[in-house]
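Written below as structure tokens is the structure these notes are about.
In what follows, every chain begins at residue 1, and chains take the letters A, B, ... in the order their sequences are listed. These figures come from a predicted structure and were not determined experimentally.
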Amino acid sequence: NAGVMQNPRHLVRRRGQEARLRCSPMKGHSHVYWYRQLPEEGLKFMVYLQKENIIDESGMPKERFSAEFPKEGPSILRIQQVVRGDSAAYFCASSYAVPYEKLFFGSGTQLSVL
Amino acid sequence: KNEVEQSPQNLTAQEGEFITINCSYSVGISALHWLQQHPGGGIVSLFMLSSGKKKHGRLIATINIQEKHSSLHITASHPRDSAVYICAVGNTGNQFYFGTGTSLTVIP
């Protein structure tokens, strides 16, 4: 789905560095979701945002992780002081209106922590 | 136990075979999605359904709300259908629950 743009596609960080993952939703979409996919595991919900608001962050670790979706610009998932266990594929999805409407996914960012 | 269970985990089929992938869930549901993930990671939403049956080309998805079960069928399978198929359940809140996926390989 070219409509949801994630960058970078691949991100390599050393332990202790910061990782910033960006997601531009499809045009007109105001709902953004972040998911994490660990090797050999299914997608896990992290956080749900609407413009300028975090609606549900129950799936996001309380420490080191933060997310925002500003009025202008992409949604950002930020991981501070990365550890090896943060290595995963991070997917962003967006929807137009209600939270459980059809989702459009980005191609993901593969984070590797050395 | 996961909220969403898929079977089988892996499936190999000959080109032309009829394929069925099953999904059972335990959470309250607003809608169920079938997703396709190709090597390289991109995820495509195939279907969203809350009742009955939907068809798109060679793909058919059904859902039985009472039994909390959905199936994805692929008729006349083709090697380009090889991918991981993921069942995702959206509840009345904000969350989606995902199955771990079914890895399908279609051999020419």
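The line from CG of B:Leu35 to CG of A:Leu43 is 7.5 Å long, rounded to the nearest 0.5 Å. Here the NE2-OG distance, from B:His38 to A:Ser107, works out to 12.0 Å after rounding to the nearest 0.5 Å.
Aromatic rings from A:Tyr35 and B:Phe98 are positioned such that their centres are separated by under 6.0 Å.
Cluster membership check: A:Leu21 shares its hydrophobic cluster with A:Val32, using side-chain heavy-atom separations under 4.5 Å among Ile, Leu, Val, Met, Phe, Trp and Tyr. B:Leu59 and B:Leu104 fall within the same hydrophobic cluster, where Ile, Leu, Val, Met, Phe, Trp and Tyr residues are linked whenever their side-chain heavy atoms come under 4.5 Å apart, directly or through other members.
Here A:Ala89 pairs with A:Gln37, A:Phe91, A:Gln110 under the side-chain contact (heavy atoms from CB on, under 4.5 Å) rule; sequence neighbours left out.
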Taking distance alone, no hydrogens or angles, what donor-acceptor pairs closer than 3.5 Å link side-chain atoms of residues 74-82 of chain B to residues at least two apart or in another chain?
{"from": "B:Thr75", "atom 1": "OG1", "to": "B:Arg58", "atom 2": "O", "distance (Å)": "3.3"}
{"from": "B:Ser77", "atom 1": "OG", "to": "B:Gln14", "atom 2": "O", "distance (Å)": "3.3"}
{"from": "B:Ser77", "atom 1": "OG", "to": "B:Gly16", "atom 2": "N", "distance (Å)": "3.4"}
{"from": "B:Ser77", "atom 1": "OG", "to": "B:Glu17", "atom 2": "N", "distance (Å)": "3.2"}
{"from": "B:Ser77", "atom 1": "OG", "to": "B:Glu17", "atom 2": "O", "distance (Å)": "2.9"}
{"from": "B:His78", "atom 1": "ND1", "to": "B:Arg80", "atom 2": "N", "distance (Å)": "3.1"}
{"from": "B:His78", "atom 1": "ND1", "to": "B:Arg80", "atom 2": "NH1", "distance (Å)": "3.4"}
{"from": "B:His78", "atom 1": "NE2", "to": "B:Arg80", "atom 2": "NH1", "distance (Å)": "3.4"}
{"from": "B:Asp81", "atom 1": "OD1", "to": "B:Arg58", "atom 2": "NH2", "distance (Å)": "2.9"}
{"from": "B:Asp81", "atom 1": "OD2", "to": "B:Arg58", "atom 2": "NH1", "distance (Å)": "2.9"}
{"from": "B:Asp81", "atom 1": "OD2", "to": "B:Arg58", "atom 2": "NH2", "distance (Å)": "3.3"}
{"from": "B:Asp81", "atom 1": "OD2", "to": "B:His78", "atom 2": "N", "distance (Å)": "2.8"}
{"from": "B:Ser82", "atom 1": "OG", "to": "B:Pro79", "atom 2": "O", "distance (Å)": "2.9"}
{"from": "B:Ser82", "atom 1": "OG", "to": "B:Val106", "atom 2": "N", "distance (Å)": "2.9"}

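With a 4.5 Å cut-off on non-hydrogen atoms, B:Gln37 touches chain A through its side chain but not through its backbone.
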